[in-house]
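Numbers restart at 1 for each chain; the letters A, B, ... are given by sequence-line order, proteins then strands. For the numbers below, each heavy atom of this structure counts, side chains included, while hydrogens, waters and symmetry mates do not.
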Amino acid sequence: MSGNDKTYTISELAREFDVTTRTIRHYEEQGLIAPERRGQHRIYSRRDRIRLLLTLRGKRIGLTLNEVRELFELYDAARDDAPQLLEFMRILDLREQRLMQQIEDINVVMREVQGLKAQCERLLEKKSADADSPQP
DNA sequence: ATTCTCACA
DNA sequence: TGTGAGGA
């Protein structure tokens with residue numbers, strides 16, 4: 001009844017997320033995932049897989065591995081500890097503000113990039129025009 | 001064939 | 001994080 005115990009090998013996860021097994025072991029050393037062990041070999045659960053997914057996503061938005069780990073710890077603690085929920089909420093609020101700021105910054109740079117592209121296109125048009133009708 | 005630990009021209 | 005060594 002509980003086919004909820006799917007597991008993965010380190011190479012399966014490495015392939016799925018396009019990272020090396022070294023990277024996954026590194027995240028474990030940093031305390032981001034704690035796969036079960038069968039002797040020396042690591043057995044990754046669905047939860048471990050999600051944590052890897054979240055870790056990689058966090059990295060993409062500029063979080064350090066330490067920050068990702070802190071979020072995991074806070075989440076785990078807040079899950080069942082009421083007082084921790086308040087602290088967790090505060091952290092999330094700060095994170096939210098930072099993300100909003102990142103979105104703003106990205107939009108600013110995006111417009112600059114688009115503006116430069118437009119300028120380049122105009123220059124290219126002028127060049128081809130000059131080529132058609134050289135020195136006046 | 002895979003994974004593991006350890007170490008670093 | 002990468003990579004190679006030497007085992008299991």
Looking across every strand, which nucleic acid part, if any, lies under 4.0 Å from A:Thr21 by heavy atom: base, sugar-phosphate, or nothing?
nothing

For a quick test of reading the model: is some side-chain N or O of A:Arg42 closer than 4.0 Å to OP1 or OP2 of B:dT3?
no

For Watson-Crick and G-U wobble pairs within 3.5 Å on both distances, what is DNA chain B written in dot-bracket notation, | included for inter-strand pairing?
.|.|||||.

Rounded to whole Å, how long is the line connecting atom CD1 of A:Ile43 with atom C1' of B:dC4?
13 Å

note: A:Tyr44, atom OH; B:dC4, atom C1'; distance rounded to Å ~ 11 Å

Rounded to the nearest 0.5 Å, what separates atom CD1 in A:Ile103 from atom CD1 in A:Ile61?
9.5 Å

Count the heavy atoms of every other residue, nucleotide or ligand shown that sit under 6.0 Å from OH of A:Tyr75, and state whether that count exceeds 12.
no

For the pair made of CZ in A:Arg25 and P in B:dT3, what is the distance, rounded to whole Å?
8 Å

Approximate separation, where rounding is to 0.5 Å, of A:Glu28 CD and A:Arg51 CZ
12.5 Å

How close or far is atom P of B:dA7 from atom NE2 of A:His26, stated in whole angstroms?
17 Å

How many Å lie between OH on A:Tyr27 and P on C:dG2, as a whole number?
9 Å

A:Glu29/A:Arg25 ion pair, N-O < 4.0 Å
no

A:Glu12/A:Arg15 salt bridge by N-O under 4.0 Å criterion:
no

Counting only heavy atoms not in A:Arg38, do more than 12 sit closer than 6.0 Å to its CZ atom?
no

For residues A:Arg49 and A:Leu13, determine if any side-chain heavy atom of one lies less than 4.5 Å from a side-chain heavy atom of the other.
yes

Separation between CZ of A:Phe17 and CD1 of A:Ile24, rounded to the nearest 0.5 Å
8.5 Å

What integer distance in Å separates A:Glu29:CD from B:dT5:P?
9 Å

Here the distance between atom C1' of C:dT1 and atom CD1 of A:Ile24, to the nearest Å, is 13 Å

Establish, from distance only, whether the side-chain atoms of A:Asn66 and A:Glu70 form a donor-acceptor pair under 3.5 Å.
no

Under 4.0 Å, heavy atoms only, any strand: does A:Arg37 hit a base, just the sugar-phosphate, or nothing?
sugar-phosphate

Enter the distance from A:Arg42:CZ to A:Glu36:CD here, rounded to the nearest 0.5 Å.
13.0 Å

Expected rows: protein N/O vs nucleotides 3-8 of chain C N/O, under 3.5 Å:
| residue | atom | partner | partner atom | Å |
| --- | --- | --- | --- | --- |
| C:dT3 | O4 | A:Arg22 | NE | 3.1 |

Report yes if a side-chain nitrogen or oxygen of A:Ser11 is closer than 4.0 Å to either non-bridging phosphate oxygen (OP1 or OP2) of B:dT3; otherwise report no.
yes

What are the residues of residues 48-65 of chain A, sorted by number, that bring a heavy atom to within less than 4.0 Å of DNA chain C?
A:Lys59

At what distance, to the nearest 0.5 angstrom, does OH of A:Tyr8 lie from CG of A:Asp48?
10.0 Å

